[in-house]
Novice: 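Encoded as structure tokens, here's the structure I'll be asking about.
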2 protein chains.
Amino acid sequence: MKKPTARSATVTIKHVARHAGVSLGTVSRVLNRAGNVDAALRRRVEEAILNLGYEPNPVAQSLRSRQSRVIGVLMPDIQNPLTAAAVTGLEPVLTRAGYTLFLANSHSDRERESDVLEQFKRRRVDGVIVMVANDNDEATRAQLRDFSVPLVMMERVIDLDVDCVLTNQYDGTYRATRYLLGLGHRRIGLITVPAITHSGRERLRGFESAFTDLGLDVPRDLIHSGGRQHPYGRDAAYSSLIGRDPATAIVASGGHLAGVIEAVRLLNLSVPRHLSLVTLGDTELAALIEPPITAIRYDWAATGRCAAELLLDHLAGGHGSTRQRITVTHEFIIRGSCAAPGAKTPRAG
Amino acid sequence: MKKPTARSATVTIKHVARHAGVSLGTVSRVLNRAGNVDAALRRRVEEAILNLGYEPNPVAQSLRSRQSRVIGVLMPDIQNPLTAAAVTGLEPVLTRAGYTLFLANSHSDRERESDVLEQFKRRRVDGVIVMVANDNDEATRAQLRDFSVPLVMMERVIDLDVDCVLTNQYDGTYRATRYLLGLGHRRIGLITVPAITHSGRERLRGFESAFTDLGLDVPRDLIHSGGRQHPYGRDAAYSSLIGRDPATAIVASGGHLAGVIEAVRLLNLSVPRHLSLVTLGDTELAALIEPPITAIRYDWAATGRCAAELLLDHLAGGHGSTRQRITVTHEFIIRGSCAAPGAKTPRAG
DNA sequence: TTGAAAGCGCTAACAC
DNA sequence: GTGTTAGCGCTTTCAA
């Protein structure tokens, strides 16, 4: 039943036409369900297609029709479990709709990012889903403004007419901080990514609001909004934990958690006795380490799915040119890493 | 300096030719560094390209030249940190060589895998890097045999004329098991993926050899070679740890580690007092959990890099039709999860 | 409805 | 060396 007359030479629409005794145009019409085709002819064509094992050549289709059925996906780092989850979320949505994915890693490098985007465009992708390295950057804005390919931004926001899918980092951070504040902590540290992305800025805002809403001073000396890497988390935690008036609690982004834990061990501190910990973004590590870490969880797969659906809508001409901005909410997972402050840390003055 | 005469309508090779006062062919030759072009003409063409901001259309190039400069990458699951690392390893190698990546997830589903592969082929990818779901499957073998696109297999092996890049799971598992045996353990459990992949089979072999090389009986009742998921790890560990003659040590694949730890906690066991643990494949979790887990580490990024280079070689006509089979070796990271057996487990008879 | 023909943007074979 | 020409495989007018 399969590959009945499988010939090794590529069979083209021409062969089908000849085989069915119709013209090229008719075959094309059958293929694209466009225009009305007589039932009898349609049957003949479909038979010929089956008999010859014909498969349309997407490259030729793309050249002629100016659309490729390819979506470009650009992420800072697929190794990050969160972005990996997002890709896993968006992939089946796009695939089911008949799209294939170009995937590239920018490694948060603007140059690379710019190159990839141009590459995508030249290759005539129908749409792009991107998480830019810096959504505050003028060059990025300029490139995206003139991009002229349907585009959905993930976890970034930019003053441009594009769709955005965001996780609610403001709410999450606010809630985590208020929780700690409610436990009696005042010296709370924040360790997060730089403020050059929506997530970075929103976490900062959420953290600060939690204090100011209560009429409290924000402990600015304990805010570390810098590197993205594991060592940064360690160093930031370390410096928050030593000195005159150390932090009794820390809110750290998921990517920094491992570093924070390292610092905690280095200082021989115990969680939650000496230090309470909440992580922004739930990970396997947070769930399984002892004690398990209380976490704000975001559903990244849903974010990816949402971005894909938005793009598909856009491609179908759905929302016209109305810009959508969707926010995915969080879940608060209380585990065992938080307690009221009080226990003196070993080395406290 | 940028985009001097940036016209919004796409500028084609024709425009360049007219602008430079040469023929299409000459422009093409300049573009492809093919054939000799007079220095003066070349300069004129290059100037025209710059002036017009011309960029070749890869779709047209692809249609005509029958090569796309796209590589298809198919993995069972990009969310798995190991495959994510592999992708991160192979990506820059391919990108630097001017290739763009199609990436797809098979979710270890044969049907999906087959579709993706055909999709890749129809889209005229120049090559494929794939980690098939089951390298023991006849349909898979048949598809790959007739595939007629340069292909490199990752972490799978198949009786076919294709390049393979493998991690040495035999050696790794052997070493882990011997280590435990050396500590005095005899009731050692193995928890791993099904034997439908190279990794699964090699681990089994390595485990068994470690026993038989010492003239010992293989504790077959403690071998769990089944599911791929976290719950499987938990259940397998649980059943190894209860009963008359429970395991005193377990060798578990990285993906199962979380499940094993869950079971250990459920049973209120302590590592390494009641149970020694080695993981096949190092993860963040293994490194940071308390106690840190002794691990066989494989460099997956290197594996990816290697696969990419192999494919590139192949595309360049490098190795001709000689099948390469490269094995990436392991590293043994001794941490704190192993001790001599002896401590009676709480519920032991 | 259907067929014929033009051409998407490019490469490669062939003349000159 | 360089220009001319014929397609790659398809979609899409335009007539019929």
Side-chain angles (χ1 to χ4, degrees), chain A residues 7-46 48-49 52-70 98 100 118-119 121-126, chain B residues 7-46 48-49 52-70 98 119 121-126:
Chain A
R7 27 187 76 190
S8 59
T10 43
V11 20
T12 76
I13 199 172
K14 226 168 179 168
H15 300 122
V16 177
R18 187 164 330 144
H19 196 93
V22 299
S23 76
L24 289 191
T26 303
V27 179
S28 177
R29 269 165 227 136
V30 172
L31 251 37
N32 301 300
R33 291 130 183 57
N36 287 336
V37 180
D38 182 80
L41 281 197
R42 154 163 283 128
R43 275 221 47 74
R44 294 225 310 269
V45 171
E46 280 165 348
I49 289 176
L52 299 172
Y54 167 74
E55 297 192 320
N57 178 337
V59 177
Q61 289 180 310
S62 178
L63 176 60
R64 187 56 235 239
S65 68
R66 293 162 176 299
Q67 47 153 300
S68 58
R69 302 244 107 195
V70 175
T100 301
E118 290 309 314
Q119 177 77 215
K121 191 198 285 191
R122 282 202 291 142
R123 289 197 181 264
R124 302 297 191 271
V125 298
D126 290 350
Chain B
R7 27 187 79 190
S8 58
T10 43
V11 20
T12 75
I13 200 172
K14 226 167 178 170
H15 300 122
V16 176
R18 189 166 327 146
H19 195 93
V22 299
S23 75
L24 289 190
T26 303
V27 178
S28 178
R29 267 166 229 138
V30 172
L31 251 37
N32 301 300
R33 290 134 183 57
N36 286 337
V37 180
D38 182 79
L41 281 198
R42 155 163 281 130
R43 275 221 49 73
R44 294 225 310 269
V45 171
E46 281 166 348
I49 289 176
L52 299 171
Y54 166 74
E55 296 192 320
N57 178 336
V59 178
Q61 288 181 312
S62 178
L63 176 59
R64 187 56 235 240
S65 67
R66 292 160 176 299
Q67 49 155 298
S68 58
R69 302 242 107 198
V70 175
Q119 177 76 217
K121 192 199 284 193
R122 281 202 290 139
R123 290 197 180 264
R124 302 296 193 272
V125 298
D126 290 350

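All values below were derived from every heavy atom in this structure, side-chain atoms included, with hydrogens, water molecules and symmetry-related copies excluded. Chain naming here is simple, since letters A, B, ... match the order of the sequence lines and numbering starts at 1 in each.
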Novice: Checking all strands, does A/Ser28 fall into the base, sugar-phosphate, or nothing category for heavy-atom contacts under 4.0 angstrom?
Specialist: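 Base, at least one base atom sits under 4.0 Å.
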
Novice: Side-chain N or O of A/Ser62 less than 4.0 angstrom from OP1 or OP2 on C/dC8?
Specialist: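 Indeed not, no polar side-chain atom of A/Ser62 lies that close.
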
Novice: Classify B/Val59 by what it touches in the nucleic acid, base, sugar-phosphate, or nothing, heavy-atom distance under 4.0 Å.
Specialist: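 No contact.
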
Novice: Polar-atom pairs under 3.5 Å, protein N or O versus N or O of nucleotides 13-16 of chain C: list them with distances, or write none.
Specialist:
{"unit_1": "C/dA13", "atom_1": "N6", "unit_2": "B/Arg29", "atom_2": "NH2", "d": "3.4"}

Novice: What pairs meet the side-chain hydrogen bond (donor to acceptor under 3.5 Å, both in side chains) rule with one or both residues in residues 54-64 of chain A, with sequence neighbours excluded?
Specialist: none

Novice: If you compare every side-chain N and O of B/Asn57 against the phosphate oxygens of C/dC8 (OP1, OP2), does one of them come in below 4.0 Å?
Specialist: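 Answer is no, no contact under 4.0 Å.
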
Novice: Compare all side-chain heavy atoms of A/Arg44 with those of A/Leu41 and state whether any distance is below 4.5 angstrom.
Specialist: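 Yes, close enough: below the 4.5 Å cut-off.
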
Novice: From the set C/dC10, C/dG3, C/dC8, return the single nucleotide nearest to any side-chain atom of A/Leu63.
Specialist: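 Among C/dC10, C/dG3, C/dC8, the one nearest the side chain of A/Leu63 is C/dC8.
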
Novice: So, for A/Lys14 and A/Leu24, which heavy atoms are closest and what is the spacing to 0.1 Å?
Specialist: CA-CD2, 3.6 Å

Novice: Applying salt bridge (charged side-chain N to carboxylate O under 4.0 Å, His left out), can you list everything that pairs with B/Arg18, at least two apart in sequence or on another chain?
Specialist: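 B/Arg18: no salt bridge (charged side-chain N to carboxylate O under 4.0 Å, His left out) contacts found.
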
Novice: Based on the rotation axes of five pairs at each end, what angle does the helix from C/dT1-D/dA16 to C/dC16-D/dG1 bend through, to 10°?
Specialist: 40°

Novice: Looking only at heavy atoms, which two atoms of B/Ala60 and A/Leu63 are closest? And how far apart?
Specialist: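 Smallest interatomic distance, heavy atoms only, reads CB-CD1, 3.8 Å.
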
Novice: Any side-chain N or O of A/Thr26 below 4.0 angstrom from OP1/OP2 of C/dG3?
Specialist: yes

Novice: With a 4.5 Å limit on heavy-atom distance, are the side chains of A/Leu31 and A/Val16 in contact?
Specialist: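 A side-chain contact is absent here, since even the closest heavy-atom pair is not under 4.5 Å.
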
Novice: Classify the side chain of B/Arg64 and the base of C/dG9 as holding, or not holding, a donor-acceptor pair under 3.5 Å.
Specialist: no

Novice: Can you list everything that forms a salt bridge (charged side-chain N to carboxylate O under 4.0 Å, His left out) with B/Arg66? Sequence neighbours excluded, please.
Specialist: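 B/Arg66 satisfies salt bridge (charged side-chain N to carboxylate O under 4.0 Å, His left out) with no residue once adjacent residues are dropped.
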
Novice: Please compare B/Arg124 and B/Arg42 by the position of their nearest nucleotide in DNA chain D and report the one closer to 5'.
Specialist: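 Nearest nucleotide further toward 5': that of B/Arg42.
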
Novice: When you list every nucleotide of DNA chain D with an atom under 4.0 Å from a heavy atom of chain A, which one comes first 5' to 3', and which comes last?
Specialist: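 From 5' to 3', the first and last contacting nucleotides are D/dG9 to D/dT13.
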
